[in-house]
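Presented below is the structure to which this report refers.
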Amino acid sequence: MRNKKTRFILRLSLLLIMISAITYTLYQQFFTEKNQVQVGDQAPDFVLEDMDGNKVQLSDLKGKGVFLNFWGTWCKPCEQEMPYMEIQYNQYKNLGIEIFAVNIAESDIAIDSFVERHGLTFPVLKDKDQAVTEAYDITPIPTSFLIDKNGKVLKVITGSMSERDIANYMELIKS
């Protein structure tokens with residue numbers, strides 16, 4: 001008799017926890033305001049660490065065009081476009097353009113391995129707590145933002161890009 005009562009209380013508790021989680025998820029999905037960054041908006045400022053532990057703040061880059069890419073090591077389209085970004089970085093880095101690849105919540109080991117395997121030299125930033133990813137409302141990846149020298153978003157690109165696409169985008173933000 002006692003075991004039945006204990007099992008009933010445990011099942012009821014689990015059911016209440018599940019109902020609470022579902023209710024919270026639905027509330028977040030439908031009743032909280034999403035501030036998706038759009039063309040014409042001022043790019044939300046942030047501070048992230050690069051792979052060497054240096055802090056990078058977006059607002060410090062005023063006067064330069066910024067190619068801001070959100071990615072993950074497991075993302076095949078991200079992996080395909082990284083070599084193209086590297087080629088364009090080497091062509092445009094001295095022309096007033098910065099490329100930043102923001103990795104979303106992965107370990108340093110996974111990021112380092114990916115960067116080394118692909119020979120990337122442009123700055124890779126770590127968004128460990130996903131605060132910047134949430135501020136930019138990133139879905140899906142890869143997603144890239146073209147930011148002009150005044151900090152305004154000129155274009156939002158979702159999905160993978162060809163080398164020609166990236167070259168055209170670099171021309172767009174060249175200062």
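All values derive from a computational prediction rather than experimental measurement.
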Task: Donor-acceptor contact present, side-chain Y136 to main-chain Q36, <3.5 Å - done: no
Open item on the list: Within the supplied structure, the quantity of interest is the number of heavy atoms (other residues, nucleotides, ligands) at a distance under 6.0 Å from L16 CG; does it exceed 12?
Closed with: yes
TODO: Verify side-chain contact (heavy atoms from CB on, under 4.5 Å) between I147 and I173, making sure each step is shown before the conclusion.
DONE: CA-CA 7 Å; I147 303 168; I173 57 174; over 6 Å; no
Open item on the list: I want to check something: taking the side chain as every heavy atom from C-beta on, are K126 and M51 in contact at a cut-off of under 4.5 Å?
Closed with: yes
Open item on the list: Using modelled atom types and a 3.5 Å cut-off, is there a donor and acceptor pairing between side-chain atoms of D165 and backbone atoms of Y169?
Closed with: no
Task: E106 side-chain N/O to T73 backbone N/O, donor-acceptor pair under 3.5 Å - done: yes
Task: Joint cluster assignment, F122 & L95, ILVMFWY side-chain distance < 4.5 Å - done: yes
Task: N3 (side chain) donor-acceptor with T6 (main chain) under 3.5 angstrom - done: no
Task: Trace of the side-chain contact (heavy atoms from CB on, under 4.5 Å) decision for F114 with N103 - done: CA-CA 11 Å; F114 184 94; N103 179 271; over 6 Å; no
- [ ] Enter the distance from N90:CG to M85:CE here, rounded to the nearest 0.5 Å.
- [x] 12.0 Å
- [ ] Of all the heavy-atom pairs spanning L120 and E86, show the shortest one and how long it is.
- [x] CA-OE1, 3.3 Å
- [ ] Looking only at non-hydrogen atoms, find the nearest pair between C75 and P142 and report the distance.
- [x] SG-CD, 3.7 Å
Task: Closest heavy-atom pair and its distance - K152, G40 - done: CD-O, 3.4 Å
- [ ] Could you tell me whether the side chain of V39 reaches within less than 4.5 Å of the side chain of F145, counting heavy atoms only?
- [x] no
Open item on the list: Side chains of V37 and V156, heavy atoms from C-beta outward: is any pair under 4.5 Å?
Closed with: no
TODO: With the side chain counted from C-beta on, respond yes when P123 and V56 share a heavy-atom pair under 4.5 Å apart, and no when they do not.
DONE: no
Task: Heavy-atom side-chain contact between F70 and I104 under 4.5 Å - done: yes
TODO: Look only at the side chain of D41 and the backbone of Q38, and say whether a donor-acceptor pair between them is shorter than 3.5 Å.
DONE: yes
- [ ] Taking the side chain as every heavy atom from C-beta outward, state whether M161 and Y84 have any atom pair closer than 4.5 Å.
- [x] no
Task: Hydrophobic cluster membership, W74 vs V102, 4.5 Å side-chain cutoff - done: yes
Task: NZ-CE distance between K93 and M170, expressed to the nearest 0.5 angstrom - done: 11.5 Å
Open item on the list: Could you see if Y89 belongs to whatever hydrophobic cluster contains L172? Use Ile, Leu, Val, Met, Phe, Trp, Tyr and a side-chain cutoff under 4.5 Å.
Closed with: yes
Task: Contact check, side chains of F100 and L48, non-hydrogen atoms, under 4.5 Å - done: no
Open item on the list: Run L12 and I9 through side-chain contact (heavy atoms from CB on, under 4.5 Å) and show every step you take.
Closed with: CA-CA 5 Å; L12 183 62; I9 291 172; 5.7 Å; no
Task: Point-to-point distance, once rounded to the nearest 0.5 Å, from CG of D148 to CD of Q42 - done: 8.0 Å
Task: N69 and E81: CA distance, side-chain angles, deciding distance, side-chain hydrogen bond (donor to acceptor under 3.5 Å, both in side chains) verdict - done: CA-CA 10 Å; N69 175 267; E81 69 187 12; 3.0 Å; yes
Task: Minimum-distance pair of heavy atoms, taken over all atoms of K128 and D108 - done: NZ-OD1, 3.1 Å
Open item on the list: Can a donor-acceptor pair be found, under 3.5 Å and without considering hydrogens, that links the side chain of D52 to the backbone of N54?
Closed with: no
Task: 4.5 Å side-chain heavy-atom contact, Q57 and F46 - done: no
Task: N/O donor-acceptor pair under 3.5 Å between T23 side chain and I19 backbone - done: yes
Task: Contact summary for M82 and A101, nearest pair of heavy atoms - done: CE-CB, 4.1 Å
Open item on the list: I need the minimum non-hydrogen distance between I87 and E163, along with the two atoms involved.
Closed with: CG2-OE2, 3.2 Å
- [ ] Show your reasoning for whether side-chain contact (heavy atoms from CB on, under 4.5 Å) applies to W71 and E79.
- [x] CA-CA 9 Å; W71 69 287; E79 188 169 8; over 6 Å; no
TODO: Report yes or no: does T143 contribute a side-chain atom to a donor-acceptor pair with the main-chain N or O of P140 at less than 3.5 Å?
DONE: yes
